[in-house]
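Worksheet: the structure to be examined is printed underneath.
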Amino acid sequence: MRISSTKSGRSAHVHVRADGLRLRAYRKLPHLCVYHVMNLTDVDDRIIAHAAAAGMSIRDYTAKFVQAFFDDCKALSIEAPEHWIRATDHIEEMVKLILRLQQKSFTYPGEGSIYYRIAKFPEYGKLSKIDLTGIQAGARVDNDRYEKESVRDFALWKAPKPGEHFWETAIGPGRPGWHIECSAMAMKYLGETLDIHTGGIDLAFPHHENEIAQSEGATGKLFVRYWLHAEHLLVEGEKMSKSQGNFFTLRDLFAKGYKPSALRFALASVPYRKQLNFTFDGLQQAASSVERLRNFADRLQRGKFPTGQQEGMAARIAKAAEEFDAGLSDDLNTARALAAVFDLVREANIAVDKGGFRQGDVPAVLEFLTTFDKVFAVVEDNDSEKLRTLGYGGAESGPGDEEIDRLVAERNSAKKKRDFATADRIRKELADRGIIIEDAKDGSVRWKRK
RNA sequence: GGCGCGGUAGCCAAGUGGCAAGGCAAUGGUCUGCAAAGCCAUUAUCGGCGGUUCGAUUCCGCCUCGCGCCUCCA
């Protein structure tokens, strides 16, 4: 399976919702090999202009955005693709592709720029089902700086602007148009036909439509077998925008104390084709859901159960794995996959409560949870560690392990003496510092960070 | 205006022509020294109106509401 994805410097949620689902690690089917290439668009009009204004090279100017993007990906446990590549490293490939299009008369020049002639590609619009016949030339040409045969035609190569960075190439000086990079780079790393291309739904038109036109025009072959377009977020039921004040960065959210796992769960639990309404209440709900899963995993790992296996449990676990698989196979229906997990959690909890659950059942359940976590990456608790390494706000400044262990021991001895006032005081103090203490039936005590 | 997506319990959300998954929250119960965790119980005439059908939340039509794209914005 070969995947290409586009990226935005600002947001990683699309990646969590589609490619970020860690399908590579999952790889349920042995013959399914994931090869993922992620493109970093580090050149466009705005970047060039801003870099010029700042007196910086494009590479230096974009460095901090690239770094921030990767940090965000790490925070959200998005797996690194096989290749992540920069547009500016592939100018030559773009030029070659343009030359190829030129030979087939898909291009025409205009004031130093090179345009794609959409009239030459009758299938144009097949992805977004846009009907070009209704679009009249002249309807929206006022802000167009270039001369084009048709309004829909787009620039493959743009003439240099005074004072701004440009490349000296076989097709003349200038810089690439927005769309050409994706076609050129995808083809270089993935071949002329890719299996999956992901991106935000907003990019379907015109960006992906133009990619198809360029690629298929040049090769005469199908460019992409499956497009995965992720729907956008709403925030508290409204469109996210800076002016509305409902635009949050990951850093903002972590600084408010939300955990990476909660955010990841919130984003991943809603199937990618569905518009996700991001709310703080929803984040809280996601955190609670993650908590339930972690409690369950913990219960299995710490618990001491009678030896042997419960009759039917192995089959029950296998069924959960099957349903989980079926959910993901159903166009990444994560909601369905999650239901399979929670069903098993509930049933296994019942078995544990009733005493039927056996030690021999533990490995299979844990193995299932591990498989689940390869995709969802929320059960393993590395929230604090992530925030710390990435230097994001919100990392705990609470008590250290030794101090906690000491206080827990202190509370235990108070409890043994039936000095509940002291025991409860210690528990309350720790609770105020974000540590939850739980007593188990068998007298053992566990603690966890909230 | 054109094209597209969606309206399912307090919240998030799956799904199917035939008794409506799952999660969160709430309330009551169980357990507990008290808690927590877990478990049990309770909570939906599936946006509205028509049509097709023995039967529709699921199919069709109309309406309504929300969102997106058609402006190099994920």
Side-chain angles (χ1 to χ4, degrees), chain A residues 5-15 17-18 41 44-47 69 125 128-135 139-140 142-144 152 154-155 158 177-179 198-207 209-210 229-234 237-242 265-266 269-271 273-279 281-296 298-299 323 327 330 333-354 415 418-421 423-424 427-428 431 436-441 445-448 450:
Chain A
S5 63
T6 53
K7 84 95 170 137
S8 148
R10 274 210 299 235
S11 165
H13 95 264
V14 165
H15 299 281
R17 300 193 65 193
T41 301
D44 63 25
D45 284 358
R46 190 183 298 173
I47 290 172
F69 175 73
S128 49
K129 298 178 190 113
I130 293 266
D131 182 5
L132 290 182
T133 55
I135 293 160
R140 197 194 288 279
D142 42 42
N143 59 353
D144 209 307
R152 281 294 167 205
F154 56 92
K158 295 181 175 183
W178 176 33
H179 318 288
T198 69
I201 185 69
D202 58 317
L203 294 176
F205 185 88
H207 185 51
E209 201 69 70
N210 290 351
H229 284 125
E231 258 297 347
H232 283 186
L233 299 178
L234 294 181
E238 312 225 324
K239 185 183 174 179
M240 172 164 64
S241 72
K242 280 183 178 165
F265 188 94
S269 60
V270 178
R273 275 183 207 282
K274 177 131 180 165
Q275 206 167 44
L276 185 156
N277 185 13
F278 177 87
T279 62
D281 186 44
L283 248 195
Q284 208 67 257
Q285 292 182 12
S288 299
S289 301
V290 170
E291 215 28 54
R292 176 170 166 83
L293 295 172
R294 287 181 179 175
N295 283 338
F296 175 67
D298 205 50
R299 190 179 197 194
E323 285 175 358
D330 177 17
N333 189 335
T334 50
R336 195 178 147 191
L338 280 173
V341 177
F342 281 106
D343 277 335
L344 179 67
V345 169
R346 188 186 58 257
E347 288 175 35
N349 268 326
I350 292 171
V352 173
D353 278 359
K354 290 190 174 167
K415 242 176 56 168
R418 302 196 65 79
D419 177 6
F420 296 122
D424 289 352
R427 184 170 60 194
K428 174 78 167 51
I436 309 293
I437 292 183
E438 292 179 7
D439 300 326
K441 271 187 195 155
V445 180
R446 75 158 177 146
W447 60 265
K448 64 184 181 185
K450 191 62 188 167

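Each chain gets a letter, A, B and so on, in the order the sequences are listed, and its residues count up from 1.
Separation of the C1' atoms belonging to B/A14 and B/C24 is 15 Å when rounded to the nearest angstrom. Taking atom P on both B/A36 and B/C46, the two are 36 Å apart, rounded to the nearest angstrom. B/U32 and B/A37 have their C1' atoms separated by 11 Å, with the value rounded to a whole Å. Of the P atoms belonging to B/C59 and B/C5, the separation is 13 Å, rounded to the nearest Å. Using P as the reference atom, B/C62 and B/A9 are 25 Å apart when rounded to the nearest Å. The gap from the C1' atom of B/A44 to that of B/A21 amounts to 14 Å, rounded to the nearest Å.
Taking the six-membered ring where tryptophan is involved, the planes of A/Trp178 and A/His207 are essentially parallel, since the angle between them stays under 30° and well short of 60°.
At the phosphate of B/G15, neither OP1 nor OP2 sits under 4.0 Å from any side-chain N or O atom of A/Arg336. A sub-4.0 Å separation between OP1 or OP2 of B/G6 and a side-chain N or O of A/Arg273 is absent. For A/Lys274, a side-chain nitrogen or oxygen approaches OP1 or OP2 of B/A14 to under 4.0 Å. A close approach under 4.0 Å does not occur between any side-chain nitrogen or oxygen of A/Asn349 and OP1 or OP2 of B/A37. OP1 or OP2 of B/A25 lies within a sub-4.0 Å distance of a side-chain N or O belonging to A/Ser288. Side-chain N/O atoms of A/Arg299 include none lying less than 4.0 angstrom from OP1 or OP2 on B/A36.
Nearest nucleotide to the side chain of A/Glu231, out of B/C5, B/C69, B/C67: B/C5. Comparing B/A74, B/C12, B/G38 by their nearest atom to the side chain of A/Leu203 picks out B/A74. Distances from the side chain of A/Arg152 to the nucleotides B/A13, B/C24, B/U71 place B/U71 closest. Comparing B/A74, B/A36, B/G33 by their closest approach to the side chain of A/Lys415 singles out B/G33. Looking at the side chain of A/Asp424, the nearest of the listed nucleotides B/A37, B/G33, B/C67 is B/G33. Taking every side-chain heavy atom of A/Phe205 into account, B/C69 is the closest of B/A13, B/G38, B/C69.
Mapping A/Ala423 and A/Ser269 onto RNA chain B via the closest heavy atom, the residue that lands nearer the 5' end is A/Ser269. When each of A/Pro206 and A/Asp281 is assigned the nucleotide of RNA chain B with its nearest heavy atom, A/Asp281 is the one assigned upstream, toward the 5' end.
Between the C1' atom of B/C11 and the CZ atom of A/Phe278 lies a distance of 14 Å, rounded to the nearest Å. A straight line from CD of A/Glu291 to C1' of B/A25 spans 16 Å, rounded to a whole angstrom. Put simply, CZ on A/Phe154 is 14 Å from P on B/U71, counting in whole angstrom units.
Contacts of A/Asp353 with the nucleic acid, taken as non-hydrogen atoms under 4.0 Å apart, include base atoms.
Below the 3.5 angstrom threshold, one finds a donor paired with an acceptor across the side chain of A/Arg427 and the base of B/A35. Side-chain atoms of A/Gln285 and base atoms of B/C11 include a donor and an acceptor less than 3.5 Å apart. Side chain A/Asn333 to base B/G15: no donor-acceptor pair is found below 3.5 Å.
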Apply the test side-chain contact (heavy atoms from CB on, under 4.5 Å) to residues A/Asn349 and A/Arg299: give CA-CA distance (whole Å), side-chain angles for both, the deciding distance (0.1 Å), then the verdict. CA-CA 9 Å; A/Asn349 268 326; A/Arg299 190 179 197 194; 2.6 Å; yes

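No side-chain donor-acceptor contact under 3.5 Å links A/Gln275 to the backbone of A/His232.
Here the NZ atom belonging to A/Lys415 is positioned 7.5 Å from the CZ atom belonging to A/Phe420, to the nearest 0.5 angstrom. Here the CG atom belonging to A/Asn333 is positioned 11.0 Å from the CZ atom belonging to A/Arg273, to the nearest 0.5 angstrom. To the nearest 0.5 Å, atoms CZ (A/Arg292) and CZ (A/Arg346) are separated by 7.5 Å.
Residue ring and nucleobase are stacked for A/His232 and B/A74, with a centre distance beneath 5.5 angstrom and an angle between planes beneath 30°.
The shortest side-chain heavy-atom distance between A/Glu323 and A/Leu344 does not fall under the 4.5 Å cut-off. In this structure, the side chains of A/Leu293 and A/Phe342 come closer than 4.5 Å at one or more pairs of heavy atoms.
Contacts between residues 338-346 of chain A and RNA chain B, defined by a heavy-atom separation under 4.0 Å, are made by A/Ala339, A/Phe342, A/Asp343, A/Arg346.
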